[in-house]
Amino acid sequence: MKLAHWLAGMACAVSLCGAAHAAALEKAVEGEHRTPKYVARDEYRHPVETLEFFQVKPDMTVVEVWPGGGWYSEILAPMLKDEGTFYAAHFPKETDVGYFKKYRGVYEEKLASDKATYGAVKLTEFAPGGDSEIAPEGSADAVLTFRNVHNWMGGDNEEAAFKTFYKALKPGGILGVVEHRAKPGTSRDQMKKSGYMPQDYVIELAEKAGFELEASSEINANPKDTADHPKGVWTLPPSLRLGDEDKEKYLAIGESDRMTLRFRKPKS
């Protein structure tokens, strides 16, 4: 009977712990600190379901790679600030790339403007192909990146990127990837032009770096997206590169069809 009582108690503790983790995530998603235009994209980005799929918990050490303006950081930073550690591996501080300068500055302003939410964020940088350290080697429970693999391909640095993620993770750590999904067989040139990548190619990149694919999800799938638009993925919202041309058509499609992949760094 003692063993049965102990097992029942453990099951209860696990259940309560899981409920607490879910509550922390939902509290962060529902927080008043979030930017209204970011909240409006929840229907396409599914933050609760995505972070649950990536098994992110409030007591973990998590790295977000290239957080841009901070869409996911607005959720991860408050979720992790009390019990965990959050590294934001942003664009290089020393750079001649105008886009990098702009959004690194925007992000730094965000952190400085709300110390209660972002005061614990550890700002690092990621330069694919370089020697930047996104977090101390072997320290991270999870590395997450959202719609960035095509950017690294633009500089032919996608393989180096996955090696950097592998180095930062603990044995048994998680790599979570969301990326615009192309049709199988899409050429490398078309990937670069369109911003869409075949799912099997992203899996191949991760496995080449040493990761094991643990699970894939259709959380962020969009069957309305044909992935063959005049301005690539940027034809769709939120970019709408064609302006008012066929705007209603692309708004009706919504944001891109996306793969959602969870990889694991082997424990041994």
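Residue numbers start at 1 and run along the sequence shown. Note that this is a predicted model, so its numbers are computed, not measured.
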Can a donor-acceptor pair be found, under 3.5 Å and without considering hydrogens, that links the side chain of [X] to the backbone of [Y]?
{"X": "Asn148", "Y": "Val65", "result": "yes"}
{"X": "Arg264", "Y": "Gly172", "result": "yes"}
{"X": "Thr164", "Y": "Ala160", "result": "yes"}
{"X": "Glu52", "Y": "Ala22", "result": "no"}
{"X": "Thr50", "Y": "Arg45", "result": "yes"}
{"X": "Glu125", "Y": "Lys93", "result": "yes"}

By side chain to side chain contact (heavy atoms under 4.5 Å, CB included), which residues pair with [X], not counting sequence neighbours?
{"X": "Lys110", "result": "Thr35, Tyr38, Glu74, Tyr118"}
{"X": "Lys57", "result": "His21, Gln55, Asp59, Met60"}
{"X": "Ser217", "result": "Phe53, Ile219, Thr260"}
{"X": "Lys224", "result": "Asn222, Ile253"}

query = Pick from Leu123, Val121, Val63: which one makes a side chain to side chain contact (heavy atoms under 4.5 Å, CB included) with Phe86?
reply =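 Of all the options given, the one that passes is Val121.
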Can you tell me how far the [atom1] atom of [X] sits from the [atom2] atom of [Y], to the nearest 0.5 Å?
{"X": "Glu94", "Y": "Arg104", "atom1": "CD", "atom2": "CZ", "result": "9.0 Å"}
{"X": "Met191", "Y": "Thr186", "atom1": "CE", "atom2": "OG1", "result": "6.5 Å"}
{"X": "Glu218", "Y": "Arg258", "atom1": "CD", "atom2": "CZ", "result": "13.0 Å"}
{"X": "Asn157", "Y": "Asn151", "atom1": "CG", "atom2": "CG", "result": "11.5 Å"}
{"X": "Thr95", "Y": "Lys102", "atom1": "OG1", "atom2": "NZ", "result": "15.0 Å"}

Under 3.5 Å donor-acceptor pairs involving side-chain atoms of residues 230-245, not counting sequence neighbours:
residue	atom	partner	partner atom	Å
Thr235	OG1	Lys231	N	2.8
Thr235	OG1	Gly232	N	3.4
Thr235	OG1	Gly232	O	2.8

Can you sort out the partners of [X] under ring pair (Phe, Tyr, Trp, His ring centres under 6.0 Å), two or more places apart, ordered by chain and number?
{"X": "His229", "result": "Tyr250"}
{"X": "Phe263", "result": "none"}
{"X": "Phe91", "result": "Trp66, Tyr99, Phe100"}
{"X": "Phe211", "result": "Tyr166"}

request  = Check step by step if side chain to side chain contact (heavy atoms under 4.5 Å, CB included) holds for Arg147 and His180.
outcome  = CA-CA 6 Å; Arg147 300 158 37 253; His180 310 296; 3.5 Å; yes
key: salt bridge (Lys or Arg N to Asp or Glu O under 4.0 Å) pairs, two or more places apart, involving residues 114-124   =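 For residues 114-124: none.
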message = Within the structure provided, determine whether Pro47 and Tyr72 are in side-chain contact (heavy-atom separation under 4.5 Å).
response =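 A side-chain contact exists here, since the closest heavy-atom pair is under 4.5 Å.
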hydrophobic_cluster_shared for [Y] and [X], side chain cutoff 4.5 Å:
{"X": "Tyr44", "Y": "Leu51", "result": "no"}
{"X": "Ile75", "Y": "Phe54", "result": "yes"}
{"X": "Met259", "Y": "Trp152", "result": "yes"}
{"X": "Val143", "Y": "Leu80", "result": "no"}
{"X": "Val97", "Y": "Tyr103", "result": "yes"}

key: From CA spacing to verdict: side chain to side chain contact (heavy atoms under 4.5 Å, CB included), Leu175, Lys265   = CA-CA 8 Å; Leu175 171 64; Lys265 180 176 179 177; over 6 Å; no
Closest non-hydrogen atom pair between Ile174 and Arg262, with its separation =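 That would be CG2-CG, 3.7 Å.
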inquiry  = Walk me through whether Phe165 and Phe126 qualify under ring pair (Phe, Tyr, Trp, His ring centres under 6.0 Å).
reply    = CA-CA 10 Å; Phe165 308 155; Phe126 175 56; 5.6 Å; yes
query = Between Val29 and Arg34, does a side chain to side chain contact (heavy atoms under 4.5 Å, CB included) hold up when you go through it step by step?
reply = CA-CA 8 Å; Val29 170; Arg34 292 189 67 204; 3.6 Å; yes
Candidate pair Val62 and Leu144, rule side chain to side chain contact (heavy atoms under 4.5 Å, CB included), full reasoning = CA-CA 7 Å; Val62 178; Leu144 310 177; 3.9 Å; yes
request  = For the residue pair Asp189 and Ser187, confirm or rule out a side-chain donor-acceptor distance under 3.5 Å.
outcome  =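 There is no such pair (donor and acceptor under 3.5 Å, judged by atom type) between the side chains of Asp189 and Ser187.
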ask   = Which pairs count as side-chain hydrogen bond (donor to acceptor under 3.5 Å, both in side chains) when at least one residue sits in residues 79-91, sequence neighbours excluded?
value =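 Listed by first then second residue: nothing to list.
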Donor-acceptor pairs are to be reported for all side-chain atoms of residues 192-205 against protein atoms at under 3.5 Å, with residues two or more places apart or in another chain.
residue	atom	partner	partner atom	Å
Lys192	NZ	Asp156	OD1	2.9
Ser194	OG	Gln190	O	2.8
Ser194	OG	Tyr196	N	3.1
Tyr196	OH	Asp225	OD1	3.1
Tyr196	OH	Asp225	OD2	2.9
Gln199	OE1	Arg181	NH1	2.8
Tyr201	OH	Glu158	OE2	2.6
Tyr201	OH	Arg188	NH1	3.2

